[in-house]
**Student:** 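Let me give you the structure first, and then I'll get to my questions.
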Amino acid sequence: QVQLAESGGGLVQAGGSLRLSCAASGRTFSSYYMGWFRQAPGKEREFVAVISVSGSTTVYADSVKGRFTISRDNTKNTVYLQMDSLKPDDTAVYYCAVHRGGRFTMVHNYDYWGQGTQVTVSS
């Protein structure tokens, strides 16, 4: 069992930056790929990024590539999402989750979702 808690969201102007954190409980955190998703009002939850166990492999959605950076610190059981050059379209609730196998971009291939953190980007 893994419990996840996201933090770091807030209100920022377009072009600004935020750093999200996802703290995990449980000793098996370092055994899993970890992903970030987001969900805007009235839209489906969508893939943002995923990171491998060691952190050596990362995959990003095209919409955030070059602006967002996912990283992890296994000694702190934490995964991060650095978000730069934010746009109003990035406004959403951001979630982290544990990847359990299969395609990285598919919501149903993740377990143990956090409660989410709101990111609002003003124009």
Side-chain angles (χ1 to χ4, degrees):
Q1 187 91 13
V2 178
Q3 292 183 326
L4 304 174
E6 302 92 340
S7 62
L11 174 63
V12 63
Q13 289 188 331
S17 297
L18 282 173
R19 188 193 195 203
L20 305 184
S21 298
C22 171
S25 64
R27 292 175 292 178
T28 58
F29 169 82
S30 60
S31 301
Y32 298 112
Y33 279 54
M34 297 293 298
W36 284 97
F37 283 72
R38 66 187 182 185
Q39 188 166 17
K43 296 187 177 181
E44 294 186 351
R45 194 168 297 189
E46 65 174 3
F47 170 78
V48 173
V50 67
I51 188 167
S52 63
V53 169
S54 68
S56 61
T57 300
T58 56
V59 178
Y60 297 93
D62 288 343
S63 59
V64 307
K65 201 172 295 182
R67 299 188 298 121
F68 290 11
T69 303
I70 188 172
S71 61
R72 67 191 296 163
D73 185 340
N74 289 337
T75 66
K76 297 181 179 179
N77 280 7
T78 301
V79 62
Y80 304 98
L81 186 68
Q82 177 67 40
M83 306 186 297
D84 299 317
S85 302
L86 282 162
K87 305 175 182 180
D89 284 349
D90 295 319
T91 295
V93 177
Y94 283 71
Y95 301 89
C96 63
V98 176
H99 182 252
R100 59 180 175 86
R103 293 182 64 181
F104 294 133
T105 59
M106 305 301 290
V107 172
H108 63 256
N109 287 335
Y110 289 79
D111 288 325
Y112 305 122
W113 296 84
Q115 82 289 348
T117 186
Q118 176 71 47
V119 171
T120 303
V121 184
S122 63
S123 57

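From a predicted model like this one, the values you see are computed outputs, not experimental measurements.
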**Student:** Can you see whether D73 engages T78 through a side-chain donor-acceptor pair at a distance of less than 3.5 angstrom?
**Tutor:**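 No, because no side-chain N or O of D73 sits under 3.5 Å from a partner of the opposite role on T78.
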**Student:** Output the rest of the hydrophobic cluster of Y33: all Ile, Leu, Val, Met, Phe, Trp and Tyr residues reachable through side-chain heavy-atom contacts under 4.5 Å, sorted by chain and number.
**Tutor:**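 For the cluster that includes Y33, the remaining residues are F37, F47, V50, V53, V59, V93, Y95, F104, V107, Y110, W113.
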**Student:** Under 4.5 Å between any side-chain heavy atoms of E46 and T105, yes or no?
**Tutor:**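 E46 vs T105: side chains apart.
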**Student:** Do other residues, nucleotides or ligands put more than 12 heavy atoms under 6.0 Å from Q82 CD?
**Tutor:**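 Above 12, so yes.
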**Student:** Looking at S85 and R67, what are the two nearest heavy atoms and their distance?
**Tutor:**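 Where S85 meets R67 most closely, the heavy atoms are O-NH1, 3.0 Å.
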**Student:** Could you tell me which non-hydrogen atom of G8 sits nearest to which non-hydrogen atom of T117, and how far apart they are?
**Tutor:**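 Shortest heavy-atom separation between G8 and T117 comes out as N-OG1, 4.1 Å.
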**Student:** Measure the shortest side-chain to side-chain distance between D84 and F68 over non-hydrogen atoms and say whether it is less than 4.5 angstrom.
**Tutor:**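 Counting from C-beta outward, D84 and F68 never come under 4.5 Å.
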**Student:** Give a yes/no verdict on a cation-pi contact between R72 and Y80, requiring under 6.0 Å between NZ or CZ and the six-membered ring centre and an angle within 45° of the axis.
**Tutor:**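 Here R72 fails the 6.0 Å and 45° test against Y80.
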**Student:** Return the minimal non-hydrogen interatomic distance between A92 and Q118, and the atom names on each side.
**Tutor:**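 So the minimum-distance heavy-atom pair works out to O-NE2, 3.5 Å.
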**Student:** Charged N to carboxylate O under 4.0 angstrom, K65 versus D62?
**Tutor:**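 D62 and K65: salt-bridged.
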**Student:** Any idea which heavy atoms bring V2 and A24 closest together, and the distance?
**Tutor:**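 Nearest pair, atom of V2 first, then A24: CG1-CB, 4.1 Å.
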**Student:** Within a strict 4.5 Å, meaning less than it, do heavy atoms of the D111 and H99 side chains meet?
**Tutor:**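 They are not in side-chain contact.
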**Student:** Would you call T57 and I51 a side-chain contact if the rule is heavy atoms closer than 4.5 Å?
**Tutor:**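 Answer no - side chains too far apart.
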